[in-house]
A.B. asks: 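Starting off with a structure, shown below.
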Amino acid sequence: MLVIDSSLMTRDNPFEDSIFNPDSLLQSGESVSLYPKELDSIKDHILSSNQSTNHKGKILMVSSPDSGQGKTHLIAEALESQSTISTSVQINLSADSNLNYSFILQQIIFFLSHESSKGFLSPLSAMTRTLFAELICNLVTDGIVPVENKSTAINGLRKHYDKMLNLKNRSSLIAEWFKQNISALFPHLVTALMNKTGLSNRSCEFWIEILYGCELDGPEIIINEINSLNDHDAQTRIEEFNKSISHDRPLTLIFDHLDLLYKNTEQSLELTQLLTSITRQGVLPLVILAINDDLWDSTFTNAIPSAVRDRVNEINVRLNGISIHSAEELIRHRIERAGSESNAADNFINRIDLEQLYQSTSKKVLPSPRQILRMASTEWLKGRNDKVFLNKSSNLKGPEITHHSAPTETLQRIQKMMRSVNQRTASNANQSAETTKETIVNSPWEDPEKNAPSSVKDFANQRNELYSSGQRLFDTEAIRYTLEMAGRRSPIIEYREFD
């Protein structure tokens with residue numbers, strides 16, 4: 001029987017967390033490239049669309065026969081790798097979303113206002129502080145903002161703008177000065193922005209007001225301002241933001257998680273019309289649409305004109321399952337991130353027999369990442385329930401600290417029994433085989449009653465097997481497993497009591 005690291009089997013299931021969550025700790029800079037060729041294709045489209053001199057944008061569809069193929073994960077991976085040349089914006093649709101340019105502008109502002117989980121500035125804060133620092137430096141250069149030493153003030157602001165212009169930090173002298181003098185500075189900031197971007201006075205007033213409000217009080221304060229725009233003005237503001245505010249990192253809109261549109265032909269038509277308008281008029285260089293075949297066929301295909309359908313589906317990166325190599329890398333990545341070394345991952349991969357799975361699968365549609373994870377999870381749980389243990393654990397990189405509730409009366413009785421066994425002194429090691437046999441016969445435990453629950457009988461059998469081995473101390477992993485199995489099956493023992 002194949003040997004599997006028992007330390008792996010007694011830990012939390014490493015295959016439960018979704019691979020498709022870009023913010024998951026399982027990704028965090030060490031993600032597995034499940035679709036290398038498709039990844040390169042998406043990256044190339046991002047690069048080419050941003051460098052194109054064509055005044056029209058393009059729609060990139062990422063599709064798959066069903067869910068679980070990893071579209072979200074793949075798109076996030078591609079955008080992360082191109083983050084220096086592109087600013088990604090996830091558009092979150094709801095059943096009552098008004099699919100127009102005002103909605104898109106609001107989504108852009110709100111999405112970019114979210115702070116990074118890694119503790120960095122939100123994308124919008126970084127853009128705003130960079131822009132305000134540059135405008136203030138121009139005012140210092142022109143003598144509108146008086147300082148004692150221009151070069152020192154400008155260099156200091158350029159190097160430390162992220163902290164000096166944190167409007168929520170009351171200890172920042174520059175930020176406090178900026179807030180106290182915003183009314184006097186406002187017309188000069190508008191003029192400086194006009195000189196920098198070539199935008200109209202009205203547009204510059206809008207952006208200074210919006211960016212200042214978001215930085216000071218958050219994006220909620222500007223909702224009414226955006227909603228008051230007509231569709232044409234909102235479209236213009238999106239173009240301005242893309243060309244003048246995002247600092248040479250054009251916006252890429254991502255439309256994903258569209259299941260709520262299922263059989264809503266009216267909203268699907270509005271969405272595709274909006275997408276084609278954005279790209280046809282060159283509002284943005286690239287829009288990415290992630291969709292499953294069942295949703296596309298049931299909701300979009302017959303609801304939209306053929307010309308629109310062809311344009312939306314013109315560039316299609318297709319996901320039809322992952323290779324066996326990618327499947328192995330996905331499993332290995334999960335196990336290693338759970339705290340075990342590569343040999344434990346190799347043993348587990350051999351146990352689940354991926355080769356047999358791939359040989360029995362059509363080459364046109366390979367197993368999906370979700371299918372691989374579910375199979376691995378099932379095998380992992382089966383390994384625990386079948387009591388598959390391998391060599392003594394040497395793979396564990398560090399102990400797990402688990403907080404449990406106070407022991408129940410049942411657990412206290414079990415602990416007492418364990419102590420009585422472990423209190424056998426070292427002198428017992430020199431006893432003869434006959435004495436040892438007598439000790440086994442005179443077990444300190446009574447047999448369970450005939451009508452005892454199966455979990456109690458199972459525990460008693462495991463206990464007696466371990467006791468009959470003559471060990472002075474029970475094998476740690478074996479006793480952990482015995483207690484765990486009793487806890488999982490018993491209606492009176494709470495599993496989390498056992499470490």
Side-chain angles (χ1 to χ4, degrees), residues 46 49-58 83 85-91 98-114 121-139 165 182 185-216 218-254 274-287:
I46 296 172
S49 62
N50 290 349
Q51 294 179 342
S52 175
T53 57
N54 191 341
H55 295 295
K56 293 184 179 180
K58 61 183 177 182
S83 60
I85 63 170
S86 177
T87 301
S88 61
V89 175
Q90 173 73 51
I91 303 299
N98 293 318
L99 295 174
N100 53 36
Y101 281 106
S102 292
F103 169 75
I104 297 298
L105 178 59
Q106 183 174 310
Q107 287 280 300
I108 291 171
I109 298 298
F110 271 73
F111 183 86
L112 296 180
S113 296
H114 293 163
L121 291 177
S122 72
L124 189 63
S125 285
M127 295 175 188
T128 299
R129 296 181 197 183
T130 300
L131 177 63
F132 282 175
E134 185 175 351
L135 298 182
I136 293 173
C137 286
N138 291 340
L139 298 183
L165 288 175
I182 186 62
L185 289 171
F186 185 80
H188 300 290
L189 292 172
V190 170
T191 301
L193 185 58
M194 289 173 59
N195 294 336
K196 170 181 168 58
T197 62
L199 298 177
S200 67
N201 183 274
R202 180 188 175 195
S203 295
C204 292
E205 288 180 349
F206 174 87
W207 284 116
I208 295 295
E209 182 178 349
I210 291 294
L211 296 177
Y212 179 80
C214 287
E215 187 65 16
L216 183 64
E220 292 79 7
I221 196 173
I222 52 87
I223 291 179
N224 292 335
E225 184 73 18
I226 292 178
N227 289 339
S228 66
L229 298 174
N230 59 44
D231 215 42
H232 178 268
D233 286 345
Q235 174 186 332
T236 301
R237 298 292 177 264
I238 295 173
E239 294 175 359
E240 293 170 350
F241 186 94
N242 185 62
K243 295 177 181 178
S244 303
I245 309 298
S246 62
H247 299 295
D248 300 323
R249 294 173 52 206
L251 299 178
T252 298
L253 302 187
I254 303 98
L274 179 60
L275 297 184
T276 54
S277 175
I278 290 173
T279 54
R280 186 179 63 253
Q281 300 186 51
V283 179
L284 296 174
L286 181 64
V287 174

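Only a predicted model underlies this, so the values are computations on that prediction, with no experimental measurement involved. By convention here, the first residue in the shown sequence is residue 1.
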A.B. asks: I'd like to check Ile108 versus Leu253 (side-chain heavy atoms, cut-off strictly below 4.5 Å). Are they in contact?
C.D. replies: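 A side-chain contact exists here, since the closest heavy-atom pair is under 4.5 Å.
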
A.B. asks: Looking at CD1 of Ile226 and CG of Leu105, how far apart are the two atoms once the value is rounded to the nearest 0.5 Å?
C.D. replies: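 Spacing of CD1 (Ile226) from CG (Leu105) equals 4.5 Å.
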
A.B. asks: Measuring from atom CD1 of Ile221 to atom CD of Glu209, what distance do you get when rounded to the nearest 0.5 angstrom?
C.D. replies: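 Answer rounded to 0.5 Å: 9.0 Å.
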
A.B. asks: Could you tell me which residues satisfy side-chain hydrogen bond (donor to acceptor under 3.5 Å, both in side chains) with Ser244, sequence neighbours excluded, listed by chain and number?
C.D. replies: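 None.
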
A.B. asks: Taking all heavy atoms of Gln106 and all of Ile223, pick out the closest pair and write down the distance.
C.D. replies: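 Taking every non-hydrogen atom into account, OE1-CG2, 4.0 Å.
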
A.B. asks: Under the salt bridge (charged side-chain N to carboxylate O under 4.0 Å, His left out) definition, can you give me all pairs with a residue in residues 99-114, not counting sequence neighbours?
C.D. replies: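 Those involving residues 99-114 do not exist here.
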
A.B. asks: Go through the structure and list residues passing side chain to side chain contact (heavy atoms under 4.5 Å, CB included) with Leu216, not counting sequence neighbours.
C.D. replies: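 Side chain to side chain contact (heavy atoms under 4.5 Å, CB included) list for Leu216, sorted by chain: Leu167, Lys179, Tyr212.
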
A.B. asks: Kindly state each residue pair satisfying side chain to side chain donor-acceptor pair (under 3.5 Å) with at least one member in residues 123-133, sequence neighbours excluded.
C.D. replies: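 Applying side chain to side chain donor-acceptor pair (under 3.5 Å) to every pair that reaches into residues 123-133, excluding sequence neighbours, yields Ser122-Ser125, Ser125-Glu215, Arg129-Asn166, Arg129-Glu215, Thr130-Tyr161.
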
A.B. asks: Kindly compute the distance separating CG (Leu131) from CD1 (Ile136), expressed to the nearest 0.5 Å.
C.D. replies: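 Result: 9.5 Å between the selected atoms.
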
A.B. asks: Could you tell me whether the side chains of Ser52 and Ser49 share a donor-acceptor contact shorter than 3.5 Å?
C.D. replies: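 There is no such pair between these side chains.
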
A.B. asks: Sequence neighbours excluded, which residues qualify as salt bridge (charged side-chain N to carboxylate O under 4.0 Å, His left out) partners of Arg249?
C.D. replies: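 For Arg249 there are no salt bridge (charged side-chain N to carboxylate O under 4.0 Å, His left out) partners, ignoring immediate neighbours.
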
A.B. asks: Between Phe132 and Leu185, does the side chain to side chain contact (heavy atoms under 4.5 Å, CB included) criterion hold? Intermediate values first, please.
C.D. replies: CA-CA 11 Å; Phe132 282 175; Leu185 289 171; over 6 Å; no

A.B. asks: Please examine the side chains of Val190 and Asn201, heavy atoms only from C-beta on, and report whether any two atoms are closer than 4.5 Å.
C.D. replies: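 Yes, close enough: below the 4.5 Å cut-off.
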
A.B. asks: Can you see which heavy atom on Arg237 is nearest to which on Ser203, and at what distance?
C.D. replies: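 Heavy atoms only, the tightest pair is NH1-OG, 3.3 Å.
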
A.B. asks: Quick check against the 3.5 Å criterion: does Asn242 have a side-chain atom that pairs as donor or acceptor with the backbone of Leu251?
C.D. replies: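 Such a contact is found between Asn242 side chain and Leu251 backbone.
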
A.B. asks: Going by heavy atoms in the side chains, are Leu284 and Ile238 under 4.5 Å from each other?
C.D. replies: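 When only atoms from C-beta onward are counted, Ile238 and Leu284 do touch, with a gap below 4.5 Å.
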
A.B. asks: Keeping to residues at least two apart or across chains, list the side chain to side chain donor-acceptor pair (under 3.5 Å) pairs with something in residues 220-232.
C.D. replies: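 Every pair satisfying side chain to side chain donor-acceptor pair (under 3.5 Å) with a residue in residues 220-232: Asn230-Asp233.
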
A.B. asks: For Phe206, check ring-ring contact (aromatic ring centres under 6.0 Å, His included) against everything at least two apart and list the hits.
C.D. replies: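 Residues passing ring-ring contact (aromatic ring centres under 6.0 Å, His included) with Phe206: none at all.
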
A.B. asks: Check step by step if side chain to side chain contact (heavy atoms under 4.5 Å, CB included) holds for Asn100 and Leu274.
C.D. replies: CA-CA 7 Å; Asn100 53 36; Leu274 179 60; 5.7 Å; no

A.B. asks: Begin from the C-alpha positions of Leu286 and Ile46 and carry the test side chain to side chain contact (heavy atoms under 4.5 Å, CB included) through to its verdict.
C.D. replies: CA-CA 7 Å; Leu286 181 64; Ile46 296 172; 3.8 Å; yes

A.B. asks: Could I get the full list of side chain to side chain contact (heavy atoms under 4.5 Å, CB included) partners for Gln90, not counting sequence neighbours?
C.D. replies: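 Applying side chain to side chain contact (heavy atoms under 4.5 Å, CB included) to Gln90 gives Asn92, Phe111, Ile254, Asp256, His257.
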
A.B. asks: Which residues pass the side chain to side chain contact (heavy atoms under 4.5 Å, CB included) test with Glu239, sequence neighbours left out?
C.D. replies: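 With neighbours one apart ignored, the set is Gln235, Val283.
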
A.B. asks: Listed by chain and number, what are the salt bridge (charged side-chain N to carboxylate O under 4.0 Å, His left out) partners of Glu205, not counting sequence neighbours?
C.D. replies: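 Here no residue qualifies.
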
A.B. asks: Which residues satisfy the salt bridge (charged side-chain N to carboxylate O under 4.0 Å, His left out) test with Lys56, sequence neighbours excluded?
C.D. replies: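 Lys56: no salt bridge (charged side-chain N to carboxylate O under 4.0 Å, His left out) contacts found.
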
A.B. asks: Quick one: list whatever passes ring-ring contact (aromatic ring centres under 6.0 Å, His included) with Tyr101, sequence neighbours left out.
C.D. replies: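 Partners of Tyr101 by the ring-ring contact (aromatic ring centres under 6.0 Å, His included) criterion come out as none, since no residue qualifies.
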
A.B. asks: In Å and rounded to the nearest 0.5 Å, what is the NE2 to CD1 distance from His188 to Ile208?
C.D. replies: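 That separation rounds to 12.5 Å.
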
A.B. asks: Do you know which two heavy atoms are closest between Cys214 and Ile109, and how far apart they sit?
C.D. replies: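 Of all heavy-atom pairs spanning Cys214 and Ile109, the closest is SG-CG2, 3.7 Å.
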
A.B. asks: Between Ser102 and Leu229, what is the shortest heavy-atom contact and its length?
C.D. replies: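 Heavy-atom minimum between the residues: OG-O, 3.4 Å.
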
A.B. asks: So, the side chain of Thr279 versus the backbone of Thr276: is there a donor-acceptor pair under 3.5 Å, distance only?
C.D. replies: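 Confirmed, Thr279 side chain pairs with Thr276 backbone.
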
A.B. asks: Rounded at 0.5 Å granularity, tell me how far SG in Cys204 sits from CG in Leu135.
C.D. replies: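 That separation rounds to 9.0 Å.
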
A.B. asks: Rounded to the nearest 0.5 Å, what's the gap from CD1 on Ile210 to CD1 on Ile222? Could you check?
C.D. replies: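 Result: 4.5 Å between the selected atoms.
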
A.B. asks: Just by distance, no angles: are the side chains of Thr87 and Ser246 close enough, under 3.5 Å, to form a donor-acceptor pair?
C.D. replies: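 Thr87 vs Ser246: no donor-acceptor pair found between side chains.
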
A.B. asks: List the atom of Leu211, the atom of Ile245, and the distance in Å for their closest heavy-atom pair.
C.D. replies: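 Smallest heavy-atom distance, with atoms named: CD1-CG2, 4.2 Å.
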
A.B. asks: Does the pair Leu199 and Met194 meet the rule for a side chain to side chain contact (heavy atoms under 4.5 Å, CB included), with working shown?
C.D. replies: CA-CA 5 Å; Leu199 298 177; Met194 289 173 59; 5.8 Å; no

A.B. asks: Heavy atoms only: give me the nearest Ala133-Leu165 pair and the separation to one decimal.
C.D. replies: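 Smallest interatomic distance, heavy atoms only, reads N-CD1, 3.6 Å.
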
